[in-house]
**Student:** 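I have a structure I would like to understand better, so I am pasting it below and will then ask my questions one at a time.
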Amino acid sequence: MKINSYNFVRKLHLYLAFSVLSFVFMYFVTGFILIHENWFLQSKPKTTSQQYAVHIPDTTSADKIAAYLEKKFNIHAKRQRMGKQNDGSLYFKFMKPGGTYTLTITPDRSQASLQTTKFTTTGTMVGFHRIHEYGGGWLYDIYVLMMDLASIATILFGLTGLYLWYKLMWKKKRWGIIILSLSIGYTITVIAFFMNR
């Protein structure tokens with residue numbers, strides 16, 4: 001069966017538009033808030049700190065200790081930093097768009113200090129824009145996967161749009177070529193500028 005390439009690309013372009021619209025809109029909103037953060041109400045994040053008794057596993061594996069802490073304190077966030085301080089205490093930091101969790105374990109591994117920071121709505125939106133890498137739990141990872149797929153779909157949307165423009169407007173190609181050239185030229189200029197700073 002012969003496939004009509006034009007109709008295939010046209011339908012692909014249409015379905016890609018539906019699939020990426022909500023993610024592109026969300027990326028625009030969170031990016032706008034990030035760039036113009038001073039336009040929005042500025043209230044400080046709420047931070048609380050509590051002490052807990054813990055029974056840290058008898059292991060030197062930071063990953064196993066972190067997994068224990070995640071389960072004990074019901075933390076659903078991405079591990080950011082883990083390490084050992086000069087006094088022998090251990091520290092772990094977890095982050096999600098809505099806030100952070102910082103745990104400090106005493107050298108004898110019997111006490112834990114949990115500092116929880118909850119971001120404001122503005123801070124949470126910025127957190128969504130800056131979210132990166134996998135490893136923050138199944139819901140977190142699904143969000144990152146969807147953003148990856150949306151990025152691929154956005155590129156395909158642009159490429160299929162160029163194909164349709166080529167097929168439909170080839171006789172009026174001048175403005176399309178000018179706009180595309182300016183866009184590519186600007187991108188290359190910005191990349192070259194920051195690479196050489």
**Student:** Hey, are the side chains of E70 and R79 touching, using non-hydrogen atoms and a 4.5 Å cut-off?
**Tutor:** yes

**Student:** Just how far is it from atom CG of L14 to atom CZ of F18, taken to the nearest 0.5 Å?
**Tutor:** 4.5 Å

**Student:** For Y163, which residues count as a ring-ring contact (aromatic ring centres under 6.0 Å, His included) partner, sequence neighbours excluded?
**Tutor:** none

**Student:** Name every donor-acceptor pair, under 3.5 Å, that has one atom in a side chain of residues 92-105 and the other anywhere in the protein, sequence neighbours excluded.
**Tutor:**
| unit_1 | atom_1 | unit_2 | atom_2 | d |
| --- | --- | --- | --- | --- |
| K96 | NZ | Y101 | OH | 3.2 |

**Student:** Does I179 offer a backbone N or O that forms a donor-acceptor pair with the side chain of S183 under 3.5 Å?
**Tutor:** no

**Student:** Counting heavy atoms not belonging to H36, are there more than 12 under 6.0 Å from its NE2?
**Tutor:** yes

**Student:** What side-chain hydrogen bond (donor to acceptor under 3.5 Å, both in side chains) pairs are there with at least one residue in residues 80-91, not counting sequence neighbours?
**Tutor:** Q85-S89, D87-S89

**Student:** Are L162 and I188 co-members of a hydrophobic cluster defined by side-chain heavy atoms under 4.5 Å apart?
**Tutor:** yes

**Student:** Look up atom CG in L12 and atom CG in L164, then write down how far apart they are to the nearest 0.5 Å.
**Tutor:** 9.0 Å

**Student:** Between D63 and M82, is a side-chain contact (heavy atoms from CB on, under 4.5 Å) present by the stated rule, with each step listed?
**Tutor:** CA-CA 9 Å; D63 287 330; M82 299 183 292; 3.4 Å; yes

**Student:** Under 3.5 Å, side-chain donor or acceptor atoms of residues 137-146 against the rest of the protein: list the pairs with distances, not counting sequence neighbours.
**Tutor:**
| unit_1 | atom_1 | unit_2 | atom_2 | d |
| --- | --- | --- | --- | --- |
| Y140 | OH | H132 | O | 3.0 |
| D141 | OD1 | G135 | N | 2.7 |
| D141 | OD1 | G136 | N | 3.3 |

**Student:** Is Y52 linked to L69 within one hydrophobic cluster, defined over Ile, Leu, Val, Met, Phe, Trp and Tyr using a side-chain heavy-atom separation of less than 4.5 Å?
**Tutor:** yes

**Student:** If you measure from OG1 on T117 to NZ on K44, what distance do you get to the nearest 0.5 Å?
**Tutor:** 12.5 Å

**Student:** Go through the structure and list residues passing side-chain contact (heavy atoms from CB on, under 4.5 Å) with E133, not counting sequence neighbours.
**Tutor:** K78

**Student:** Please assess V54 against K72 for the test side-chain contact (heavy atoms from CB on, under 4.5 Å), listing each intermediate value before the final yes or no.
**Tutor:** CA-CA 9 Å; V54 291; K72 178 174 177 58; 3.6 Å; yes

**Student:** I'd like a table of donor-acceptor pairs (distance under 3.5 Å, sequence neighbours excluded) in which one partner is a side-chain atom from residues 19-35, with atom names and distances.
**Tutor:**
| unit_1 | atom_1 | unit_2 | atom_2 | d |
| --- | --- | --- | --- | --- |
| S19 | OG | Y15 | O | 3.4 |
| S19 | OG | L16 | O | 2.9 |
| T30 | OG1 | M26 | O | 3.0 |
| T30 | OG1 | Y27 | O | 3.2 |
| T30 | OG1 | H129 | ND1 | 2.9 |

**Student:** Within the 4.5 Å heavy-atom criterion, are Q50 and T116 side-chain neighbours or not?
**Tutor:** no

**Student:** So, taking the atom named CD in Q51 and the one named CG in L114, what distance separates them when rounded to the nearest 0.5 Å?
**Tutor:** 9.5 Å

**Student:** May I ask whether F128 and V126 are part of the same hydrophobic cluster, defined by side-chain heavy atoms of I, L, V, M, F, W, Y residues being less than 4.5 angstrom apart, directly or through others?
**Tutor:** yes

**Student:** Looking at side-chain heavy atoms only, is the closest gap between T47 and Q115 below 4.5 Å?
**Tutor:** yes

**Student:** What distance do M147 atom CE and I131 atom CD1 have between them, rounded to the nearest 0.5 Å?
**Tutor:** 8.5 Å

